[in-house]
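Here the structure comes first, spelled out in structure tokens, and everything after it is commentary.
Start at 1 and go down the list; that is how both ligands and their atoms are numbered. Keep in mind that the numbers below use all heavy atoms, side chains included, and drop hydrogens, waters and symmetry copies. Quantities reported herein were computed from a predicted structural model and do not represent experimental measurements.
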Amino acid sequence: MNPAGFGAPFLAVLFLLAAALRSLPLAGARLQVAMTVVRNASSVGAFCLDGSLPAYHLDRGFGAGAGNWLLQFEGGGWCNDVESCLERAKTRRGSTQLMNKWEDFNGILSNNASLNPDFYNWNRVKLRYCDGASFGGDALFHNGTSPLYFKGQKIWESIILDLLPKGLGTANKALLSGCSAGGLATFLHCEDFTNYLPRDATVKCLSDAGFFLDLQDIGSTHTMRGFFKDLVALQGMNPNLNENCTAASSNLPDLCIFPQHALKYIATPFFILNSAYDVYQFHHGLVPPSADIHGRWKHCKMNPAACSKQQIQQLQGLRSSMLSALKLFYQYSSKGGMFINSCFAHCQSESQNTWFAKGSPTIDNKTIAGTVGDWYFNRRNIKEIDCAYPCDSTCHNLIP
Ligand SMILES: *[C@@H]1O[C@H](CO)[C@@H](O)[C@H](O)[C@H]1NC(C)=O
Ligand SMILES: *[C@@H]1O[C@H](CO)[C@@H](O)[C@H](O)[C@H]1NC(C)=O
Ligand SMILES: *[C@@H]1O[C@H](CO)[C@@H](O)[C@H](O)[C@H]1NC(C)=O
Ligand SMILES: *[C@@H]1O[C@H](CO)[C@@H](O)[C@H](O)[C@H]1NC(C)=O
Ligand SMILES: *[C@@H]1O[C@H](CO)[C@@H](O)[C@H](O)[C@H]1NC(C)=O
């Protein structure tokens with residue numbers, strides 16, 4: 001008798017049921033996918049912040065998509081000092097043990113052709129985020145208590161190694177994608193990704209809300225630069241930044257964590273999906289709490305309609321900074337694509353409402369899913385830039 005008092009046959013039925021439910025669309029077309037823990041990850045020293053094992057969720061492709069792979073990095077901010085990493089290690093952002101074991105697959109991860117027309121039948125993988133440094137660190141913190149593992153780079157490698165024999169190693173087509181901190185991870189790992197795949201495979205990368213700008217805040221402080229500098233130092237990211245970028249920037253190699261500095265060293269076809277008024281960058285890069293101690297931006301941060309004329313001007317400055325950081329890419333990257341819209345959003349590929357739905361955001365009448373698909377399959381050249389706020393009437397998910 002096992003401790004819970006259930007007989008073996010009952011457990012067997014439960015397991016069969018769980019296996020059957022693994023990837024079934026439930027009522028309301030909800031697709032939930034079970035977690036796979038990488039059991040042998042410890043052999044390469046790949047651990048989450050708290051020492052738990054890395055994990056991913058895989059929903060198998062089918063039909064014409066069975067040989068194609070989409071890998072999506074989960075996002076969720078960063079921890080750039082010991083204190084915040086210790087805190088994070090006790091949450092779902094730092095431990096696979098504290099995560100939900102089933103993930104909803106929506107938007108670009110959906111298996112429904114009418115919700116995700118180009119990637120629905122691919123093998124689709126969500127890589128869980130538990131290192132706090134966009135899958136890019138490699139260090140250990142030890143001061144007598146239990147250690148903090150800064151092993152994002154190893155987590156990335158261990159998951160790839162696990163997927164290679166499952167079919168990734170013989171993929172025909174592949175797309176590495178991710179949103180927010182996961183969008184930053186696609187910039188960090190895009191070149192590396194191509195090296196694991198067959199030479200004749202079509203490999204491309206997509207960053208959603210990951211184009212974090214090297215920007216001065218409204219008080220003329222380089223807040224994001226300071227934040228990322230601490231992150232790179234604490235988590236030992238330097239060797240994992242683009243080596244050609246760091247070689248060319250020997251005085252400030254840390255800046256290569258910023259996509260705008262690393263972009264020209266990425267040869268793989270890349271798609272940049274971002275709002276020009278990205279809500280994270282608005283709230284943490286342009287107007288971090290430290291630059292608004294009197295709370296003058298409080299209402300504007302919650303609702304762009306409540307912004308003063310001057311605040312709107314500063315927001316237009318955010319858009320201008322983004323467009324100028326993308327200028328060379330726009331002009332010269334023949335294989336690149338972009339969709340820079342003007343909605344107050346952060347992450348638009350993972351939620352059905354923004355990815356592909358009736359009334360989802362468009363530029364020139366093209367949805368995000370349609371644009372990304374057209375780019376991936378070379379159906380047309382696409383670099384879409386929206387007109388400035390408030391002209392776009394297809395934005396309906398303004399903040400928060
Ligand atoms: C796919 O999505 C459409 C549109 O929401 C829905 O009508 C249909 O039932 C879904 N199909 C499956 C198999 O879930
Ligand atoms: C370890 O470091 C943390 C954060 O700096 C600190 O709070 C804690 O007291 C340290 N523990 C020991 C045993 O030094
Ligand atoms: C773990 O096992 C898988 C499947 O056998 C293998 O492909 C992978 O290389 C192993 N990972 C590590 C880190 O050794
Ligand atoms: C760096 O540049 C060299 C020469 O162009 C190239 O072979 C190599 O793949 C590049 N490395 C990365 C990480 O892009
Ligand atoms: C936009 O696309 C929809 C669906 O493809 C079409 O019905 C509509 O006529 C288009 N509108 C414009 C202004 O092109």
Side-chain angles (χ1 to χ4, degrees), residues 21 23-33 36-48 53-56 58-59 62-63 65 69 104-121 124-125 127 135-136 138 149 151-171 176 185-197 199 203 205 237-250 253 256-257 259 261-270 333 335 351-360 367 369:
L21 285 175
S23 313
L24 273 187
L26 304 176
R30 192 165 160 222
L31 170 62
Q32 290 205 304
V33 180
T36 302
V37 174
V38 184
R39 297 279 165 208
N40 59 356
S42 55
S43 66
V44 291
F47 299 104
C48 299
L53 289 169
Y56 60 86
L58 162 63
D59 192 38
F62 52 92
W69 288 76
D104 278 346
F105 272 27
N106 296 312
I108 196 171
L109 292 175
S110 168
N111 65 345
N112 182 332
S114 46
L115 303 174
N116 186 25
D118 283 305
F119 306 106
Y120 72 99
N121 58 359
R124 287 153 290 108
V125 186
L127 285 70
F135 297 80
D138 193 359
Y149 295 88
K151 292 288 174 181
Q153 176 72 25
K154 296 292 174 193
I155 291 173
W156 155 248
E157 289 168 14
S158 75
I159 293 178
I160 292 287
L161 289 179
D162 217 61
L163 293 174
L164 288 175
K166 294 188 173 181
L168 179 66
T170 54
L176 181 65
T186 65
F187 286 104
L188 297 178
H189 292 302
C190 183
E191 294 294 273
D192 191 17
F193 183 53
T194 62
N195 295 330
Y196 287 105
L197 298 182
R199 282 199 172 276
V203 184
C205 302
M237 295 177 78
N238 225 315
N240 305 320
L241 302 178
N242 185 300
E243 60 189 6
N244 291 333
C245 179
T246 52
S249 331
S250 49
C256 292
I257 193 174
H261 300 309
L263 191 55
K264 64 168 177 267
Y265 302 100
I266 299 177
T268 308
F270 213 104
S333 170
K335 291 181 265 169
S351 102
Q352 197 60 52
N353 282 340
T354 44
W355 175 245
F356 192 61
K358 209 171 155 57
S360 59
T367 59

Find all protein N or O atoms under 3.5 angstrom from an N or O atom of ligand 4 and list the pairs with distances, or write 'none'.
residue  : atom   : partner : partner atom : Å
ligand 4 : 2 (O)  : N244    : OD1          : 3.3
ligand 4 : 2 (O)  : N244    : ND2          : 2.3
ligand 4 : 11 (N) : E243    : OE2          : 3.4
ligand 4 : 11 (N) : N244    : ND2          : 3.0

Return the NZ to OG distance between K154 and S43, rounded to the nearest 0.5 Å.
10.0 Å
Please list, in number order, the atoms of ligand 3 under 4.0 Å from a heavy atom of V44.
13 (C)
Could you tell me whether L161 approaches ligand 3 through its side chain, its backbone, both or neither, with non-hydrogen atoms closer than 4.0 Å?
both
Looking at every heavy atom in both L163 and W69, which two are closest together, and how far apart are they?
CD2-CZ3, 4.1 Å
Calculate, to the nearest 0.5 Å, the distance between atoms CZ and CG belonging to F62 and N121 respectively.
5.0 Å
Does N242 have any side-chain hydrogen bond (donor to acceptor under 3.5 Å, both in side chains) partners at least two apart in sequence or in another chain, and if so, which?
none
Within less than 4.0 angstrom of ligand 3, does P165 place any heavy atom?
yes
What atoms of ligand 1 come closer than 4.0 angstrom to any heavy atom of S114?
1 (C), 2 (O), 3 (C), 4 (C)
Minimal heavy-atom distance between K335 and P269, with the atoms involved, is O-CB, 3.6 Å
Report the residues that fulfil side-chain hydrogen bond (donor to acceptor under 3.5 Å, both in side chains) with S249, sequence neighbours left out, ordered by chain and then residue number.
none
Can you list the atoms of ligand 3 that are under 4.0 Å from a heavy atom of S43?
12 (C), 13 (C), 14 (O)
S158, portion touching ligand 3 at heavy-atom distance under 4.0 Å:
neither
Drop me the distance from Y56's OH to T36's OG1, to the nearest 0.5 angstrom.
4.5 Å
Under 4.0 Å to a heavy atom of N112 - the qualifying atoms of ligand 1, by number
1 (C), 2 (O), 3 (C), 8 (C), 10 (C), 11 (N), 12 (C), 14 (O)
The criterion is side-chain contact (heavy atoms from CB on, under 4.5 Å); which residues satisfy it with F356, sequence neighbours excluded?
P117, Q352, T367, A369
Could you tell me whether the side chain of E191 reaches within less than 4.5 Å of the side chain of N244, counting heavy atoms only?
no
